[in-house]
Amino acid sequence: MEEYRLKGLSCPNCAAGMEQQIQKLEYGESARIQYNLGKLKLDERVNLDQVEKILASDHASLIKEEDEPGHSHEHNHGHSKMKIYLGISTGVFILALLLDGMGSIPAVPFYLAAIILSGYQTFIKGLRNLTKLTFNIETLMTIALIGAVSIGEWKEGTLVAILFGLNEYLEGLGMEKARKSMESLLKIAPKEALLLQDGIEKTVSIHELKVDDLVLVKSGAKIPSDGEVEAGYSSVNESAITGEAMPVEKRTGEAVFGGSINNEGILRVRITKAYEDSSLSKILHLVEEAQETKTPTELFINRFSRYYTPIIMLISALVMLVPPLFFNGAWGESFYQGLAVLIVGCPCALILSSPIANISGITRNARNGILVKGSVYLEQLGKIDTLAFDKTGTLTKGTPYVERYEMFDRERFLPISAAVEKHSSHPLAKAIMDKVNDFSFTEKEASHVETVSGQGVIAEIDGEKYWVGNEKSVDHVTMTSTIQSTIEAMKQDGLTLVIVADVTSILGVFGISDEVREESTSVIRNLHALGIKNTVMLTGDHEQTAEKVASRVGVRSYYAGLLPEEKVERVKKLTREGKVAMIGDGINDAPALASADLGIAMGKGTDSAIETADIVLMQDHLGKLPEAITIAKRVNRTIRLNIALALGLKLIALLLTIPGLLTLWIAILSDMGATILVTLISLTILWDKKKDPKPSVQSQTEPQHS
């Protein structure tokens with residue numbers, strides 16, 4: 001498939017019509033016009049001359065990708081030409097009105113000149129549509145113009161032509177603004193890389209980069225693709241991927257994302273993914289694709305518009321014919337009212353009520369490092385009432401740390417613990433070493449280290465035997481009541497125990513837990529404030545641990561001791577009771593994410609997260625989730641308001657036909673007003689007020705064990 005940029009697309013309806021015509025060409029079945037992006041995807045075997053002819057019929061044309069830099073210039077040129085024509089025709093119209101007032105010089109040629117300048121494109125399209133019996137916006141306007149001129153309504157006919165031209169111009173401008181915002185997001189992709197080969201620097205296109213290539217990233221330059229720092233130390237701005245403004249320190253061995261900016265030092269980066277497979281490339285591709293998915297609301301509007309225009313034409317015919325035929329009405333007056341009904345019927349505002357709002361919402365979230373894979377998921381995100389959280393790695397950091405410890409033998413506890421655990425890669429051993437290294441102690445070496453499955457480790461130190469592990473590993477020791485009660489208290493607090501003992505006694509106990517993320521409590525509070533009725537934590541951990549985390553973060557209920565398949569069952573049960581989004585780290589939560597109405601992954605760019613979920617939080621925390629839901633709710637509210645405005649203004653205008661008050665200029669103003677309002681309201685979603693979400697003021701219910 002070849003991809004082309006399009007310029008001059010005037011409306012979604014026209015784009016759909018041209019797409020159908022292109023699909024009728026030889027090899028054209030798979031052709032797609034992406035109106036939101038201004039792109040055409042086409043089988044390379046399709047005859048381009050025929051495609052150009054079809055596009056030219058609507059004053060659109062295609063530009064090959066290599067001509068891309070001129071695209072915006074040509075697009076602006078088209079806009080400014082339209083602006084000049086509208087300006088001149090308005091001047092000629094005012095002159096005609098003055099001449100009309102004086103009565104000595106005929107004003108009709110000036111009215112005609114103003115109509116031709118501002119409405120000739122619409123007129124040509126409309127006549128062509130009439131010959132094909134295609135009824136759309138241009139057809140309605142052309143009939144209205146011919147009708148107005150034929151009954152001598154030059155003044156109003158000219159005003160209709162000018163206002164419709166202005167409407168088309170503003171409509172194009174609104175869509176262009178939304179597209180530009182999206183394009184600026186897509187421009188974050190780096191273009192070139194500084195490749196190091198045999199000590200020589202060579203500038204190459206990022207598409208030439210291969211896995212294992214070594215690149216040099218200077219201060220202020222973009223990292224070309226995902227990789228690992230081989231040498232150097234610097235802070236890196238990852239906001240293009242994660243939406244996080246704070247720079248992240250990077251040193252040797254650490255992973256970096258393509259598209260992030262090196263702030264100060266020089267980094268040598270070993271490429272781990274070709275650009276096409278990098279996190280940034282996938283994100284940009286998904287954001288582009290996201291705009292072309294249709295929501296149920298949009299599909300309804302498109303279906304509605306298909307029947308709506310012919311119905312309006314029928315109503316128009318009835319308004320023209322019924323009063324004079326059955327109620328002795330004047331033919332001229334009824335014909336005029338019928339023309340006004342035709343103009344009111346223009347479905348521009350209705351068709352635009354959804355796409356600009358959705359693009360704005362997707363773009364706004366993408367700027368925050370929240371990847372919504374389609375308008376349909378954005379709509380769902382705004383409707384959810386239940387959020388199910390995986391515990392480990394989502395509400396908690398997923399890395400164990402020593403929360404409490406008790407020393408019963410101060411002299412030996414720390415040296416023995418360090419000697420046994422320092423060579424182990426087990427997460428609990430790492431947590432113990434992090435704690436032990438806070439103290440100064442005499443270092444010892446362990447020998448004859450033996451791992452006992454399901455219990456812990458036995459080792460020899462200075463000729464004596466020691467045990468480090470869970471309660472089972474110290475069965476041989478008789479515990480005092482003090483030690484027993486300490487261990488019981490730690491267990492009650494949901495801590496995982498690591499006990500250190502010799503042949504006869506307990507030297508000390510570490511109480512280890514999974515650290516709750518700092519932001520989890522405020523995120524849950526903000527979600528409740530946003531109207532999320534039910535927050536549920538799902539975990540495979542035991543009861544006490546689950547209860548402790550649930551009460552600390554403030555979720556409304558929790559389920560402990562769940563196997564992966566039981567998590568799926570629990571999510572399915574929740575979906576029967578409400579609209580459920582499941583949030584996990586995207587690796588081991590894939591089945592549960594897929595079972596929910598909406599899967600949200602905290603990926604920090606992991607491939608499986610990007611591929612599994614409907615929405616990906618590119619940060620490694622939940623902090624941006626409330627804002628994503630706020631934006632989604634706002635998009636849904638905006639679309640509802642837009643539809644109400646579009647239909648409401650038309651209904652008011654149509655009701656004016658009953659007392660015979662509907663004029664052509666009121667008709668065009670009602671349509672134009674609706675289109676402008678719908679476009680402006682949708683674009684406000686892009687404005688970022690940079691305001692922290694207010695903390696919830698509602699009372700928190702205690703988490704309940706279910």
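Along the sequence shown, the residues carry numbers beginning at 1.
With sequence neighbours left out, Ala628 forms a side-chain contact (heavy atoms from CB on, under 4.5 Å) with Asn365, Ile370, Leu381. In this view, Lys533 satisfies the salt bridge (Lys or Arg N to Asp or Glu O under 4.0 Å) rule with no residue, not counting sequence neighbours. Taking Lys572 as the reference, nothing meets the side chain to side chain donor-acceptor pair (under 3.5 Å) condition, with sequence neighbours excluded. Every residue meeting the side-chain contact (heavy atoms from CB on, under 4.5 Å) condition with Glu19, not counting sequence neighbours, appears here in chain and number order: Gln23, Arg32, Ile33. Partners of Leu647 according to the side-chain contact (heavy atoms from CB on, under 4.5 Å) rule, which considers only residues two or more places apart in sequence or in another chain, are Phe304, Leu350, Ile643.
A tilted orientation is assigned to the rings of Tyr111 and Phe93, their planes being inclined by 30° to 60°.
Residues Glu3 and Lys39 have side chains in contact (heavy-atom distance under 4.5 Å, counting atoms from C-beta outward).
Summarising the local packing, NZ of Lys579 is surrounded by 12 or fewer heavy atoms from other residues, nucleotides or ligands at distances under 6.0 Å. More than 12 heavy atoms of other residues, nucleotides or ligands lie within 6.0 Å of CD in Glu52, so this atom counts as buried by the packing criterion.
For the atom pair CZ of Phe389 and CG of Leu625, the computed distance is 6.0 Å after rounding to the nearest 0.5 Å. Taking CD1 of Ile583 as the start and CD1 of Ile600 as the end, the distance is 4.5 Å to the nearest 0.5 Å.
Contacts classified as salt bridge (Lys or Arg N to Asp or Glu O under 4.0 Å) and involving residues 638-652 (residues at least two apart or in different chains) are given here: Lys650-Asp671.
Ser682 and Asn642 share a donor-acceptor pair across their side chains, judged by distance under 3.5 Å alone. Judged purely by distance below 3.5 Å, without hydrogens or angles, the side chains of Asp597 and Gln380 never pair a donor atom with an acceptor atom.
In this structure, the side chain of Ser316 engages the main chain of Gly338 through a donor-acceptor pair within 3.5 Å. Judged by distance alone, the side chain of Ser595 and the main-chain N or O of Val571 form no donor-acceptor pair under 3.5 Å. A donor-acceptor pair under 3.5 Å is formed between the side chain of Asn636 and the backbone N or O of Glu379.
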Exercise for the section: Start with the C-alpha gap between Glu627 and Arg364, add the side-chain angles, then the distance that decides, and say whether salt bridge (Lys or Arg N to Asp or Glu O under 4.0 Å) holds. Expected result: CA-CA 10 Å; Glu627 191 178 356; Arg364 178 81 188 278; 3.5 Å; yes

Handout entry: Audit row: Glu2, Lys41, salt bridge (Lys or Arg N to Asp or Glu O under 4.0 Å) steps and yes/no
Key = CA-CA 6 Å; Glu2 289 283 325; Lys41 288 190 174 173; over 6 Å; no

